[in-house]
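To keep things clear, I will list the structure first and then write my remarks on it.
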Amino acid sequence: MNEHVFRFSPMESKGTSPLLSVSGFAISLDRAMNAIRKQAVGRAFCSTANLGAGFDVFGLALNRYSDTVDVRITSGKKIRIVVRGPEGRNIPVEVRKNSAGPPAAELAKKARLKKGFEIIVEKRVPHGLGLGSSGATAAACTMVVNALLDLELSNDEMVQIASLGEKAVAGTPHADNVAASLLGGFVIVYDRPIRTISLKPPHRLAVVVATPQLPVQFEKTKKARKIIPEKIPVKNAVLNLGRASAMAAAFAKGDIRLIGTGMEDQIAEPYRKNLIPGYDDVRRMGLEAGAAGISISGAGPSLVALVDGDNREPRLVAQAMVRAFAQNKVRSTSFVARPAQGASIVKKA
């Protein structure tokens, strides 16, 4: 068994942490202390993605539900995943199928870790509703492992790695949900490799989510992505580009009314809305009740409405959307949320 001896290096300068020499490498005392941590716990909130014209580009973190991920370094070389919590039923624990698995494996590879992980997921974000459930788990796990291994990755790098969790669940590494859960607020995801922008939403922004009670579909997100055609008319792309640009500018300006004008989509919603009974009525009645804009939340079936909470009553918008579903003989539930902060570390040991 190899034994590494930690020695203080004489290369110590005033006002800095002393240096340690480990197998010929000099590292700071702070980094050495981080490197020997065995456990960390983190949390990430749910999110809504697309927001209409921002298909696979826009995301918004919501403070309604969150997942907690506890990661412990183990003596073996395998990754073991345990799923608990009120929403933990029917969540796969295989590393390649759980959204925490691929990000953890990639980060271990990046750190050249010769040990394994035990990952305990406290699942509280409902899955199958379009609220970024798998993205919240992937974001929390990525944040935790990055901190545990002291990798100091950039936001863009963490989002890129967290998107591997979405690929495991949905078949494609889309990053809008994971970016929102990781960074918080309103996010823009673009380019290859991934680049991200995170903006603080207007303080008065309220978010209404109305969810029809439909039969749970196996691999819903994969199916919702497959019904979107691979080619779209140029005129539709131009419409979406203009609306998305207006939305990005509106978030930067804090103009909720202008944000709402971009929440119309010509790429995904014309096809996905047919999967949601009463979509047109719910959207119309929600707008009439005071919503600035309404769109499908992620792959659905939830619909999300953005509301100026200072000038409109979000609960009236929620009631109108639920009533519209009822008129179409569909039971539904609703809640009002606010934009959430990004993923955070809640414990290190």
Side-chain angles (χ1 to χ4, degrees), residues 37-49 59-73 79-88 91-95 97-108 110-111 117-127 129 131-170 173-185 187 189 194 196 198 298 337 339-349:
R37 289 194 174 109
K38 300 296 183 183
Q39 179 189 11
V41 182
R43 181 177 73 161
F45 284 98
C46 65
S47 63
T48 180
L60 180 66
L62 304 179
N63 68 354
R64 175 68 175 191
Y65 304 106
S66 64
D67 282 354
T68 301
V69 176
D70 182 339
V71 181
R72 305 175 188 183
I73 296 178
I79 296 175
R80 175 175 177 262
I81 299 176
V82 177
V83 180
R84 301 173 179 170
E87 298 295 335
I91 301 294
V93 295
E94 295 92 337
V95 173
K97 293 183 179 180
N98 187 289
S99 62
E106 180 64 20
L107 289 168
K110 186 177 287 289
F117 292 125
E118 180 181 56
I119 301 172
I120 302 174
V121 180
E122 181 73 19
K123 193 70 191 159
R124 294 185 176 276
V125 180
H127 51 93
L129 302 185
L131 295 177
S133 179
S134 57
T137 300
C141 186
T142 300
M143 172 68 73
V144 169
V145 178
N146 175 65
L148 190 60
L149 300 182
D150 196 30
L151 291 172
E152 298 184 349
L153 299 181
S154 68
N155 287 341
D156 292 352
E157 289 172 319
M158 284 199 292
V159 171
Q160 183 83 55
I161 289 172
S163 72
L164 298 177
E166 292 284 41
K167 184 177 181 180
V169 175
H174 62 282
D176 41 9
N177 287 113
V178 294
S181 291
L182 261 169
L183 307 181
V187 297
V189 182
I194 286 174
T196 59
S198 177
Q341 63 184 4
S344 60
I345 302 298
V346 297
K347 176 184 176 182
K348 283 184 180 181

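Just so you know, these numbers come straight off a predicted model, no measurement behind them.
At least one side-chain heavy atom of Val83 sits under 4.5 Å from a side-chain heavy atom of Asn98. Contact annotation: the side chain of Asp70 approaches that of Gln39 to within less than 4.5 Å [non-hydrogen atoms, C-beta and beyond].
Rounded to the nearest 0.5 Å, atoms CG (Leu149) and CD1 (Ile73) are 5.5 Å apart. Between atom CG of residue Leu153 and atom CE of residue Met158 there is a gap of 6.5 Å, rounded to the nearest 0.5 Å. The CG atom of Leu182 sits 11.0 Å away from the OG atom of Ser344 when rounded to the nearest 0.5 Å. Distance check: Asn146 CG to Leu151 CG gives 5.5 Å after rounding to the nearest 0.5 Å. Taking CG of Asn155 as the start and CD of Glu157 as the end, the distance is 9.5 Å to the nearest 0.5 Å. We find the OG-CG distance between Ser99 and Leu164 to be 11.0 Å, quoted to the nearest 0.5 Å.
Although no hydrogens or angles enter the test, the distance criterion places a donor-acceptor pair under 3.5 Å between the side chain of Asp156 and the main chain of Thr196. Counting only distance, with no hydrogens or angles, the side chain of Asp176 and the backbone of Ala49 share no donor-acceptor pair below 3.5 Å. Panel note: side chain Gln160, backbone Ile194; a donor-acceptor pair is recorded below 3.5 Å. No donor-acceptor pair closer than 3.5 Å links the side chain of Ser181 to the backbone N or O of Thr137.
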Is there a side chain to side chain contact (heavy atoms under 4.5 Å, CB included) between Met143 and Ile345 once you walk through the steps? CA-CA 7 Å; Met143 172 68 73; Ile345 302 298; 3.6 Å; yes

Evaluate the criterion side chain to side chain contact (heavy atoms under 4.5 Å, CB included) for residue pair Ser134 and His127; output intermediate values, then yes/no. CA-CA 7 Å; Ser134 57; His127 51 93; over 6 Å; no

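Qualifying side chain to side chain donor-acceptor pair (under 3.5 Å) partners for Gln341, counting only residues two or more places apart in sequence or in other chains: none. Remark: Asp67 pairs with Lys123 by the salt bridge (Lys or Arg N to Asp or Glu O under 4.0 Å) rule, at least two apart or across chains. Legend: residues meeting side chain to side chain donor-acceptor pair (under 3.5 Å) with Glu106, ordered by chain and number and at least two apart, are absent.
Considering every non-hydrogen atom in both Ala140 and Val69, the closest pair reads CB-CG2, 3.6 Å. Considering every non-hydrogen atom in both Gly59 and Ala180, the closest pair reads C-CB, 3.8 Å.
Under the side-chain hydrogen bond (donor to acceptor under 3.5 Å, both in side chains) test applied with Asn177, the options Ser133, Ser163, Ser47 reduce to a single match, Ser47.
With respect to Arg80 and Glu118, a salt bridge is recorded, a charged nitrogen being found less than 4.0 Å from a carboxylate O.
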